[in-house]
Protein chains: 2
Amino acid sequence: MRSKHPLSLGFLEGLIGFRLRLAQISLFEDFERALRPFDITPTRFGALVLIEANSGLSQMQLAKTIRLDRSTLVALLDHLEGKGLVKRRPSPTDKRTNELVLTDEGRKLLAKAKRRVQEHEKRLFGKLSASDRAELKRLLEAVSAKKYNNTL
Amino acid sequence: MRSKHPLSLGFLEGLIGFRLRLAQISLFEDFERALRPFDITPTRFGALVLIEANSGLSQMQLAKTIRLDRSTLVALLDHLEGKGLVKRRPSPTDKRTNELVLTDEGRKLLAKAKRRVQEHEKRLFGKLSASDRAELKRLLEAVSAKKYNNTL
DNA sequence: CTAAAAACGTTTGACGACAAACAAAAGCCG
DNA sequence: CGGCTTTTGTTTGTCGTCAAACGTTTTTAG
């Protein structure tokens, strides 16, 4: 006797949010496994990419863009800085803020990581057609584009 | 001087995974806010629905279906049981497992929660057309339908 | 039938995330 | 200018999650 998986999803069956959650779990699982050798998580990867693309940005700017609490970012940057990938440089114009920059080592590691991430995306979304992928991206953007009535 | 949001996303621009992550954050934010009065999170909600739809299921079956570690489920069920919404009932046929069932109170609360969740889904996905919603759901299902090469 | 292997629920430890409180600095406004 | 408010980075506390180890029970092999 082994009534295996097939449970009824009940109310969850119709919920897009539930599917989104499952997809997110699959995503994270594969990403984590693929980037484990680099000790890089999705969040860390996002931070590195953004620092590369916007050298000198502040912690708040970074936090907002990847939608992370600024307090969370502290430990994350401590980690990356501890590994010599990122540097916090006190801003000369605003003594409250730090300018974030990638080190040479950071740039080098990121280059390698990007290739892994590219493979990872292919693995996850490769089963979809190119137009399906574009469509998925478009729809996801629409979802997080927040301008819903904040009348709560 | 206030260089606001507009940061370049760089490499993230093209990644579906990044969009998925952002959408997931938006989802969780709205869900959490909408269901806060009930002290119900997305994960708890999933558990309640699944127990309702598959009364008597085991913890492992539940954990697998919502893709949660079985150790995580322990605390979650402790919480729900503590609030009198769920009951753990030792299985008569397999002394290792518990049969999970909803209490009357659990069923009542879940009914209310479902309505809130329905509103929440409308809020998040209502900006999409019906066909877009169906498409999104289909694509997300395809993503988490794991059967990618496990050659890693 | 019996010994080894697997499954189940639990405990403990680690980690990432948020929220609240804080000090320092910058911005605002009389 | 001079005081209040806001912003920024940090610390501390809490929570949800996974992973590993454990005892009990079931399943499987020989």
Side-chain angles (χ1 to χ4, degrees), chain A residues 1-5 21-22 24-33 35-36 39-47 56-82 86-100, chain B residues 1-5 21-22 24-33 35-36 39-47 56-82 86-100:
Chain A
M1 207 272 286
R2 201 60 284 164
S3 56
K4 279 294 160 60
H5 308 158
R21 197 155 158 280
L22 291 188
Q24 165 74 9
I25 292 174
S26 293
L27 172 88
F28 191 90
E29 233 174 59
D30 187 80
F31 191 110
E32 208 278 337
R33 210 164 20 153
L35 281 272
R36 184 167 326 173
D39 193 25
I40 287 188
T41 62
T43 310
R44 284 180 194 157
F45 181 75
L57 83 173
S58 74
Q59 298 186 198
M60 274 304 296
Q61 289 178 306
L62 176 54
K64 267 181 203 148
T65 308
I66 53 181
R67 300 197 67 175
L68 213 62
D69 195 276
R70 59 182 193 226
S71 61
T72 306
L73 198 52
V74 173
L76 189 152
L77 289 174
D78 285 350
H79 179 89
L80 294 181
E81 206 170 18
V86 164
K87 193 148 167 288
R88 276 188 258 222
R89 196 168 59 187
S91 160
T93 73
D94 185 338
K95 284 177 200 154
R96 294 171 302 179
T97 70
N98 296 323
E99 296 181 348
L100 304 176
Chain B
M1 209 270 287
R2 207 47 296 156
S3 56
K4 281 290 159 64
H5 307 160
R21 198 157 157 279
L22 291 187
Q24 165 74 9
I25 292 174
S26 293
L27 172 88
F28 191 90
E29 234 174 57
D30 187 80
F31 191 108
E32 208 279 337
R33 212 165 16 152
L35 280 275
R36 185 165 327 176
D39 192 26
I40 286 189
T41 61
T43 310
R44 283 181 195 155
F45 181 74
L57 83 174
S58 74
Q59 300 187 195
M60 274 303 295
Q61 289 178 306
L62 175 54
K64 266 180 204 149
T65 308
I66 52 181
R67 300 196 65 174
L68 212 61
D69 194 277
R70 60 183 193 224
S71 62
T72 306
L73 196 54
V74 173
L76 189 151
L77 289 174
D78 285 350
H79 179 89
L80 294 180
E81 205 169 20
V86 164
K87 193 146 169 287
R88 275 188 258 223
R89 196 168 60 187
S91 160
T93 73
D94 185 338
K95 283 177 202 154
R96 294 170 302 177
T97 70
N98 296 323
E99 295 181 348
L100 304 175

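If you're wondering where the values come from, they're calculated on a predicted model, not measured in any experiment.
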- Message: Between B:L76 and A:T97, which residue's closest nucleotide on DNA chain D lies nearer the 5′ terminus?
- Response: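 Of the two residues, A:T97 wins.
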- B:T43 and A:R21: side-chain donor and acceptor closer than 3.5 Å?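 A donor-acceptor contact under 3.5 Å links the two side chains.
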- Polar contact flag, side-chain donor to acceptor under 3.5 angstrom, A:S91-A:R96: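 Per modelled atom types, A:S91 and A:R96 side chains form no pair under 3.5 Å.
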Quick one: [X] [atom1] to [N] [atom2], roughly how many Å, whole number?
| X | N | atom1 | atom2 | result |
| --- | --- | --- | --- | --- |
| A:Q24 | C:dA17 | CD | C1' | 13 Å |
| B:D94 | C:dA6 | CG | P | 17 Å |
| A:R67 | C:dA19 | CZ | P | 11 Å |
| A:L62 | D:dG9 | CG | P | 10 Å |
| B:D78 | D:dC15 | CG | C1' | 14 Å |
| B:D69 | C:dT11 | CG | C1' | 13 Å |
| B:L73 | C:dT12 | CG | C1' | 17 Å |
| A:D30 | D:dC18 | CG | P | 16 Å |

- Query: Would B:R33 and B:E29 count as a salt bridge (charged side-chain N to carboxylate O under 4.0 Å, His left out) if you check the C-alpha gap in whole Å, the side-chain angles of each, and the deciding distance to 0.1 Å?
  - Reply: CA-CA 6 Å; B:R33 212 165 16 152; B:E29 234 174 57; 5.5 Å; no
Residue-phosphate contact under 4.0 Å: [X] side-chain N/O, [N] OP1/OP2:
| X | N | answer |
| --- | --- | --- |
| B:R70 | D:dT17 | no |
| B:T72 | D:dC18 | yes |
| B:Q59 | C:dA7 | no |
| B:R44 | D:dG16 | yes |

- Message: Pick the closest DNA chain C nucleotide for B:V74 and for A:F28 by heavy atoms, then say which residue is nearer the 5' end.
- Response: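 Here B:V74 is the residue nearer the 5' end.
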- Query: With nearest nucleotides of DNA chain C determined for A:T43 and A:K95 from heavy-atom distances, which residue corresponds to the more 5′ nucleotide?
  - Reply: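 That would be A:T43.
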- Atom pair CG/CZ of A:L77 and A:R44 - distance to nearest 0.5 Å: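 That separation rounds to 11.0 Å.
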- Query: Got a second to check how far B:R89's CZ is from B:T97's OG1, nearest 0.5 Å?
  - Reply: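 It is 11.0 Å, given to the nearest 0.5 Å.
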Would you indicate what [X] reaches in the nucleic acid, counting non-hydrogen atoms under 4.0 angstrom: base, sugar-phosphate, or nothing?
| X | answer |
| --- | --- |
| A:S71 | base |
| B:L68 | sugar-phosphate |
| B:S58 | sugar-phosphate |

- Query: Is there a donor N/O on one and an acceptor N/O on the other, under 3.5 Å, for the side chain of A:R96 and the base of D:dT7?
  - Reply: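 Yes, a donor-acceptor pair under 3.5 Å.
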